[in-house]
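Reading through the structure tokens given below for one structure.
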Amino acid sequence: MTHTTNVILTEKFEALKPLKVLMAGFLATGVMTAFMLIAPFIGLPEMNVGAFLGALMGDHMVLGWVMHMAIGIGLAFVYVMFFNHTIPVINDTLRGMLFGIVAFIIAQMILMIINLTGLLTWDEKQGVMLMIFGNCVAHMLYGTVLGTFFKNK
């Protein structure tokens, strides 16, 4: 039992190349952000996550964008360490997309908690169903990029 556990942990740490994970997280977050920024041009509501996170941190939009990028890179490390080898799907891209859906569900739970605090105004809640759809697509794109970068051996 101990030998099997050591082999699995060794394979995970060998697969973890920090620079590759950093670059993949940066690229995946960039693709997700690009989709969110072009969303109004394809009929979806505006999803300015940098402004939203910045508003939660005292109206510092730059800090919101930095936080968004940091979360994306951090989730890339979580994907490589825990999900790449545990989601039982043969296709690497689909595995990443499923991780994107998991990240989307977590993001929606956090947004629901923020909503319960009363920090969101009525104007920010308009078109929420289309925004949720766009957010789901954005997270699936994020996961697709991660899945494309990391192959499960």
Side-chain angles (χ1 to χ4, degrees), residues 9 12-87 89 91-152:
L9 288 176
K12 280 186 181 182
F13 285 111
E14 286 176 3
L16 179 65
K17 296 180 172 110
L19 188 58
K20 181 179 179 181
V21 179
L22 180 76
M23 293 302 291
F26 185 79
L27 182 64
T29 306
V31 169
M32 175 183 177
T33 304
F35 175 79
M36 290 175 147
L37 292 176
I38 65 167
F41 300 109
I42 58 175
L44 294 172
E46 181 182 6
M47 294 181 278
N48 191 343
V49 68
F52 177 74
L53 289 174
L56 294 177
M57 293 185 261
D59 287 332
H60 299 288
M61 190 181 329
V62 173
L63 186 59
W65 283 112
V66 169
M67 188 68 171
H68 172 64
M69 197 56 70
I71 291 168
I73 291 169
L75 283 176
F77 279 96
V78 169
Y79 174 73
V80 170
M81 288 301 296
F82 301 109
F83 288 92
N84 190 30
H85 299 287
T86 57
I87 297 176
V89 176
N91 187 332
D92 296 315
T93 304
L94 183 59
R95 183 179 307 105
M97 191 181 294
L98 288 174
F99 175 73
I101 293 171
V102 169
F104 164 74
I105 291 169
I106 293 169
Q108 292 309 302
M109 290 189 316
I110 292 169
L111 187 61
M112 185 172 36
I113 292 169
I114 291 170
N115 187 25
L116 291 174
T117 63
L119 291 174
L120 299 178
T121 65
W122 180 251
D123 291 337
E124 293 169 327
K125 296 177 187 178
Q126 295 296 331
V128 74
M129 289 310 291
L130 278 176
M131 189 179 299
I132 289 173
F133 171 75
N135 201 352
C136 183
V137 171
H139 279 87
M140 287 171 35
L141 285 171
Y142 170 83
T144 300
V145 172
L146 285 182
T148 303
F149 260 86
F150 300 104
K151 307 296 181 201
N152 191 359

Shortest non-hydrogen contact between [X] and [Y], atoms and distance:
{"X": "Ala39", "Y": "Pro45", "result": "CB-O, 3.9 Å"}
{"X": "His85", "Y": "Val80", "result": "CD2-O, 4.1 Å"}
{"X": "Leu75", "Y": "Ala103", "result": "CD1-CB, 4.2 Å"}
{"X": "Met36", "Y": "Ala138", "result": "CG-CB, 3.9 Å"}
{"X": "Leu130", "Y": "Leu44", "result": "O-CD2, 3.8 Å"}

State the [atom1]-[atom2] distance between [X] and [Y], to the nearest 0.5 angstrom.
{"X": "Leu94", "Y": "Phe99", "atom1": "CG", "atom2": "CZ", "value": "14.0 Å"}
{"X": "Met131", "Y": "Met47", "atom1": "CE", "atom2": "CE", "value": "7.5 Å"}
{"X": "Leu98", "Y": "Thr93", "atom1": "CG", "atom2": "OG1", "value": "11.0 Å"}
{"X": "Met97", "Y": "Ile101", "atom1": "CE", "atom2": "CD1", "value": "7.5 Å"}
{"X": "Leu56", "Y": "Leu63", "atom1": "CG", "atom2": "CG", "value": "10.5 Å"}
{"X": "Leu37", "Y": "Thr33", "atom1": "CG", "atom2": "OG1", "value": "6.5 Å"}

[X] versus [Y]: any side-chain heavy-atom pair under 4.5 Å?
{"X": "Asn135", "Y": "Phe35", "answer": "no"}
{"X": "Asp92", "Y": "Thr148", "answer": "no"}
{"X": "Leu53", "Y": "Trp65", "answer": "no"}
{"X": "Arg95", "Y": "Asn91", "answer": "no"}

So, the side chain of [X] versus the backbone of [Y]: is there a donor-acceptor pair under 3.5 Å, distance only?
{"X": "Tyr79", "Y": "Leu146", "answer": "no"}
{"X": "Lys20", "Y": "Phe150", "answer": "no"}
{"X": "Tyr142", "Y": "Phe104", "answer": "no"}

side-chain contact (heavy atoms from CB on, under 4.5 Å) assessment of Phe52 paired with Leu111: CA-CA 11 Å; Phe52 177 74; Leu111 187 61; 3.5 Å; yes
More than 12 heavy atoms from other groups under 6.0 Å of CE on Met69: yes
Met57 atom CE, neighbour heavy-atom count above 12 within 6.0 Å: yes
Polar side chain donor-acceptor pair, His68 to Thr29, under 3.5 angstrom: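 Not at all, the side chains of His68 and Thr29 share no donor-acceptor pair under 3.5 Å.
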